[in-house]
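Note sheet for the following structure.
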2 protein chains.
Amino acid sequence: MAAVDLTTHPGHLARRLQQAHTLLWNAMVSEEITSPQYAVMNAVTAEPGLDQRTVGERVSLDRSTVAEVVGRLIRRELLDKVRDPQDGRRYLLRLTEEGARTHRRLTVRAARMNQVLLAPLGTEEQDLFVDLIRRVSEAAETLRRPV
Amino acid sequence: MAAVDLTTHPGHLARRLQQAHTLLWNAMVSEEITSPQYAVMNAVTAEPGLDQRTVGERVSLDRSTVAEVVGRLIRRELLDKVRDPQDGRRYLLRLTEEGARTHRRLTVRAARMNQVLLAPLGTEEQDLFVDLIRRVSEAAETLRRPV
DNA sequence: GTCATTTAGTCAGGGCACTGACTATTTCGG
DNA sequence: CCGAAATAGTCAGTGCCCTGACTAAATGAC
């Protein structure tokens with residue numbers, strides 16, 4: 001025996017929360033564009049001309065994963081990538097017209113989805129929820145990156 | 001412009017929480033055995049002779065993913081799989097001796113890791129955290145699976 | 001000014017997670 | 001009993017996510 005109740009393990013709960021979120025995202029936001037793809041588009045919207053590495057920093061993805069996600073967005077013609085003339089190592093990212101349109105559309109839907117996702121909680125609980133997750137994640141991140 | 005602050009999006013936070021957890025898991029529990037693999041071992045410990053589909057139900061994984069994870073545990077000789085003589089469609093799962101030992105060892109370490117992960121929160125906050133995540137996930141799950 | 005170091009991006013490889021199509025087996029209706 | 005429907009597992013395909021090794025470009029120390 002000696003089995004454990006996984007519903008007390010935050011890691012297990014985090015995985016289930018993400019599954020639940022993905023399900024809802026597909027149903028209410030988009031079946032084509034995933035949530036990480038949207039996050040990248042959002043970062044480029046906030047700071048057009050960002051390079052891949054910095055985008056990764058903004059949305060919490062490593063270089064390899066950003067490259068994959070960026071590749072998919074380019075294939076869908078939502079994103080453009082040009083060499084930085086100032087620094088030949090970098091690629092500068094920018095949304096296409098269609099990319100900007102798509103981002104705007106998904107932003108509206110994502111807001112609605114977030115409301116549905118958090119609906120089971122009261123108003124103060126919702127703020128608390130976001131705050132608690134953020135504190136735990138940030139603490140763990142600085143734990144790895146010894147400032 | 002019109003970019004959004006992702007740190008208010010629970011989906012984004014869930015992803016970051018999982019990343020933080022994985023990092024800590026690798027550092028404090030095991031670099032060999034992943035957290036989903038441990039979850040499967042734990043389910044089989046609780047109910048030896050479970051079939052794959054039910055294991056998936058217990059740990060929130062679909063059939064395909066369970067098959068992959070089970071395959072890896074078998075390759076490592078932590079798990080055994082035999083056809084159910086009663087029902088030729090099923091495979092019955094059982095930990096090997098080494099699997100049971102490994103599960104016990106990781107259980108101790110996972111408990112320590114959970115303490116570290118939740119350390120930034122006060123005692124009541126920790127309970128609240130677990131409760132809030134659980135409520136949100138469960139609500140979203142029943143939303144898709146119309147009982 | 002040249003060489004060592006750092007940096008941005010790519011690629012191979014491993015693991016998680018889902019869908020949809022397929023196979024084999026069981027079960028159920030008649 | 002027999003054929004249809006349901007069920008357990010597999011497989012192919014897509015996407016996310018990381019590490020470690022590699023290439024090309026820029027930077028910095030001398």
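Each chain gets a letter, A, B and so on, in the order its sequence line appears, and its residues count up from 1. What's counted below: heavy atoms across the whole structure, side chains too, no hydrogens, waters or symmetry copies.
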Distances under 3.5 Å between protein N/O atoms and the N/O atoms of nucleotides 6-8 of chain D, please, pair by pair.
unit_1: dT7(D); atom_1: O4'; unit_2: R89(B); atom_2: NH1; d: 3.3
unit_1: dT7(D); atom_1: O2; unit_2: R89(B); atom_2: NH1; d: 3.2
unit_1: dA8(D); atom_1: OP2; unit_2: R53(B); atom_2: NE; d: 3.2

ask   = Rounded to whole angstroms, how far apart are CD1 on I33(B) and C1' on dG14(C)?
value = 14 Å
request  = Can you tell me which residue pairs pass the ring pair (Phe, Tyr, Trp, His ring centres under 6.0 Å) test with a partner in residues 113-132 of chain A, sequence neighbours excluded?
outcome  = none
ask   = Which residue pairs pass the ring pair (Phe, Tyr, Trp, His ring centres under 6.0 Å) test when at least one of the two sits in residues 26-64 of chain B, sequence neighbours left out?
value = W25(B)-Y38(B), Y38(B)-H103(B)
key: Residues clustered with L92(A), ILVMFWY side-chain links under 4.5 angstrom   = V82(A)
task = To the nearest Å, give me how far apart CG (L24(B)) and C1' (dC18(D)) are.
result = 16 Å
inquiry  = How many whole angstroms separate atom CD of Q19(B) from atom C1' of dT19(D)?
reply    = 14 Å
key: salt bridge (charged side-chain N to carboxylate O under 4.0 Å, His left out) partners of residues 17-31 of chain A, not counting sequence neighbours, each pair once   = none
Taking only distance into account, with no hydrogens and no angle test, what donor-acceptor pairs under 3.5 Å do side-chain atoms of residues 109-116 of chain B form with protein atoms, sequence neighbours excluded?
unit_1: R109(B); atom_1: NH1; unit_2: V29(B); atom_2: O; d: 2.7
unit_1: N114(B); atom_1: ND2; unit_2: A110(B); atom_2: O; d: 3.4

request  = Scan for salt bridge (charged side-chain N to carboxylate O under 4.0 Å, His left out) pairs involving residues 128-137 of chain A, sequence neighbours excluded, and state none if there are none.
outcome  = D131(A)-R135(A), R135(A)-E125(B)
remark   = Between CG of L17(B) and P of dC17(D) the distance, given in whole Å, is 13 Å
Earlier contact from the 5' end, DNA chain D, for R83(A) and S60(A) = S60(A)
message = Quick check for you: to the nearest 0.5 Å, what is the distance between L61(B) atom CG and R16(A) atom CZ?
response = 11.0 Å
key: Listed once per pair and sorted, the ring pair (Phe, Tyr, Trp, His ring centres under 6.0 Å) pairs that draw on residues 46-72 of chain A, sequence neighbours left out   = none
request  = Could you tell me the separation between the CG atom of D62(B) and the C1' atom of dG9(D), rounded to a whole number of Å?
outcome  = 12 Å
Identify each atom pair where a protein N or O and an N or O of nucleotides 1-5 of chain C are less than 3.5 Å apart, giving names and distance.
none

Gap between atoms CD and P, on Q86(B) and dT27(C) respectively (whole Å) = 10 Å
ask   = Do T8(B) and D5(B) have side-chain atoms, one donor and one acceptor, less than 3.5 Å apart?
value = no
I'd like a table of donor-acceptor pairs (distance under 3.5 Å, sequence neighbours excluded) in which one partner is a side-chain atom from residues 62-70 of chain A, with atom names and distances.
unit_1: D62(A); atom_1: OD1; unit_2: T65(A); atom_2: OG1; d: 2.7
unit_1: D62(A); atom_1: OD2; unit_2: S64(A); atom_2: N; d: 3.3
unit_1: E68(A); atom_1: OE1; unit_2: R72(A); atom_2: NH2; d: 3.1

key: N/O (side chain, K81(A)) to phosphate O (OP1/OP2, dA8(C)) under 4.0 Å   = no
Between the protein and nucleotides 11-15 of chain D, which nitrogen or oxygen pairs are less than 3.5 angstrom apart?
unit_1: dC11(D); atom_1: N4; unit_2: S64(B); atom_2: OG; d: 2.7

ask   = Whole Å only: how far is the CG atom of N26(B) from the C1' atom of dG15(C)?
value = 11 Å
message = According to ring pair (Phe, Tyr, Trp, His ring centres under 6.0 Å), does anything in residues 41-70 of chain B pair up with another residue at least two apart or in another chain? List the pairs.
response = none
